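Each remark here refers to the structure printed beneath this line.
Not measured: the values here are computed from a predicted model.
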Amino acid sequence: MTAPSTHTTKPATGIAALLKTAVVNALIALVLFSLMVGIRTEAGSDGQLTYWTRFGELASLVAAVFGGSIVIELLRQWIGPAGTEKLVPPALQKGVSLVGRYLAPALLIFTLLVPVIFYNQRYILDLAILVLTYVMLGWGLNVVVGLAGLLDLGYVAFYAVGAYSYALLATNFGWSFWICLPLAGILAAFWGVLLGFPVLRLRGDYLAIVTLAFGEIIRLVLINWQDLTGGPNGVSGIPRPTLFGIPLSNTDDGLANKLGIEYSATHRIVFLFYLILALALLTNWATIRLRRLPIGRAWEALREDEVACRALGINTTTTKLTAFATGAMFGGFAGAFFATRQGFISPESFTFQESALVLAIVVLGGMGSQLGVALAALAMIGGFELFRGLETYRMLVFGWAMVLIMIWRPRGLVGHRAPTVYLKKAQAISSDLVKEGHG
């Protein structure tokens, strides 16, 4: 008879605690705003101090704090970390889990149909290309930060190496995009290995400082090496990609003329959209496959505990270098696409702000989570555009959103993922094997 009573008191206890928190916050707001809002003072024309009351505005603020506290606590318990008491009905929990199961396929299908749905809306297509570019960058950095646990603040350096590699090879030697794309990834991976060697013994904050310095070094080299990179003027006239050697231009040998259809500038935008989508999906597939290989398990072991990783006989030097090289390679691919999409690059496009943005996407999405990184890139890049009308206030709104997400979801939007290695069948262990001295 005791089980039903304890089961029914938990929600009541949760609601009582929620109301108590809201009342305490409302009382604090009443004390703070009483003199600032409730009573206003001003020096009159005769020099005397005059005052007047605004109890209506004070009551509105206190009521807003009371209601806001209830909403925040409900959200904290609904989407908060695992282990917190939840007041969500079981039916709603089941619906949320069902939505999470089919969210990734639905997003992929919608992404494939974006050029069809928004064919005549150039702004939406350009924004979708930008979002996919940051999704690819986030998945690339997720290898270094999310899987290997190496805090990299200079990821934009590999992005710049890939962009300048393609731009210089294409403009100086006339090579096509499909030849320069793998070369850009290889060169970026080479620079990733060069970065990995000096930081083999570093971890934590020291690793972050060194990688930040590496990113700034690359940017300063691009600015000052004018004979090769063009300096602050950048590189212009970068060739556009072709479809199996057929240019997407309004010429006699263009794709539209060969197919006998009317030329449209949107054809090239749609082609670029599907190109970056293919590169992003390739990055996602390669990352998932690598996680299941021994090198991926070594990355995760390194992330959890480097000392234990060494004790297991794992070569941490090779593990770190492969993580840096793999992440840098995907960054180089994204940089090559960025160069061919823009047609012009300069050092101003590869500042520390880009590294911070990509790192924020990985952290907010959930380190090690592919779906979380994609959702975070969509929210952050799309959120910038959504609040563009607020001008200077959009950064304030964006910062508050990041703070709230870190409070409610400290492990990111999708902080839980299936383990790489697990037992498919539960195995019973005899009690004789777990006695002291036997296991």
Side-chain angles (χ1 to χ4, degrees), residues 81-82 100-101 104 135-152 155 158 185-186 188-190 192-197 199-204 206-208 211 279-333 358-359 361-376 410-427 429 433 439:
R101 181 183 306 175
V135 168
M136 183 177 178
L137 287 171
W139 281 340
L141 183 60
N142 198 28
V143 174
V144 184
V145 178
L147 298 183
L150 303 172
L151 184 56
D152 188 358
Y155 192 69
F158 312 124
I186 292 173
F190 173 73
V193 173
L194 290 183
L195 170 64
F197 273 111
V199 301
L200 289 176
R201 297 180 178 274
L202 301 179
R203 67 183 69 177
Y206 301 100
L207 175 63
T211 53
L279 291 175
L281 292 178
L282 175 64
T283 305
N284 182 37
W285 175 82
T287 304
I288 294 176
R289 294 290 296 176
L290 287 173
R291 274 180 51 191
R292 298 174 181 175
L293 295 177
I295 185 61
R297 301 172 188 174
W299 288 341
E300 292 181 331
L302 180 68
R303 177 192 63 195
E304 298 301 328
D305 193 332
E306 184 174 351
V307 177
C309 185
R310 290 178 182 271
L312 290 174
I314 298 175
N315 189 338
T316 57
T317 300
T318 305
T319 304
K320 290 183 179 180
L321 292 181
T322 52
F324 275 115
T326 305
M329 180 182 65
F330 294 131
F333 290 156
V358 179
L359 181 62
I361 289 174
V362 174
V363 175
L364 293 180
M367 292 190 296
S369 171
Q370 301 293 94
L371 178 60
V373 170
L375 293 176
R411 297 185 61 183
L413 293 175
V414 185
H416 305 282
R417 58 179 177 83
T420 304
V421 182
Y422 59 92
L423 296 176
K424 295 183 179 180
K425 181 186 295 185
Q427 296 181 357
I429 301 177
L433 299 179

Are side-chain heavy atoms of [X] and [Y] found at a separation under 4.5 Å?
X: Thr211; Y: Leu151; answer: no
X: Val193; Y: Phe324; answer: no
X: Phe158; Y: Val144; answer: no
X: Leu290; Y: Leu293; answer: yes

**Report entry** Minimal non-hydrogen separation, Val362 against Gly138, with atom names
**Finding:**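 It is CG2-O, 3.4 Å.
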
Of all residues at least two apart in sequence or in a different chain, which pass the side chain to side chain contact (heavy atoms under 4.5 Å, CB included) check with [X]?
X: Leu194; result: Phe190, Trp191
X: Ile288; result: Asn284, Arg292, Gln370
X: Met329; result: Ala189, Phe333

The criterion is side chain to side chain donor-acceptor pair (under 3.5 Å); which residues satisfy it with [X], sequence neighbours excluded?
X: Asp305; answer: none
X: Thr316; answer: Arg310
X: Thr322; answer: Trp299

Quick one: pull up [atom1] in [X] and [atom2] in [Y] and give me the separation to the nearest 0.5 Å.
X: Asn142; Y: Ile361; atom1: CG; atom2: CD1; result: 11.5 Å
X: Leu137; Y: Leu359; atom1: CG; atom2: CG; result: 12.5 Å
X: Thr287; Y: Trp139; atom1: OG1; atom2: CH2; result: 8.5 Å
X: Phe330; Y: Leu141; atom1: CZ; atom2: CG; result: 12.5 Å
X: Leu375; Y: Leu364; atom1: CG; atom2: CG; result: 11.5 Å
X: Leu312; Y: Leu302; atom1: CG; atom2: CG; result: 11.5 Å

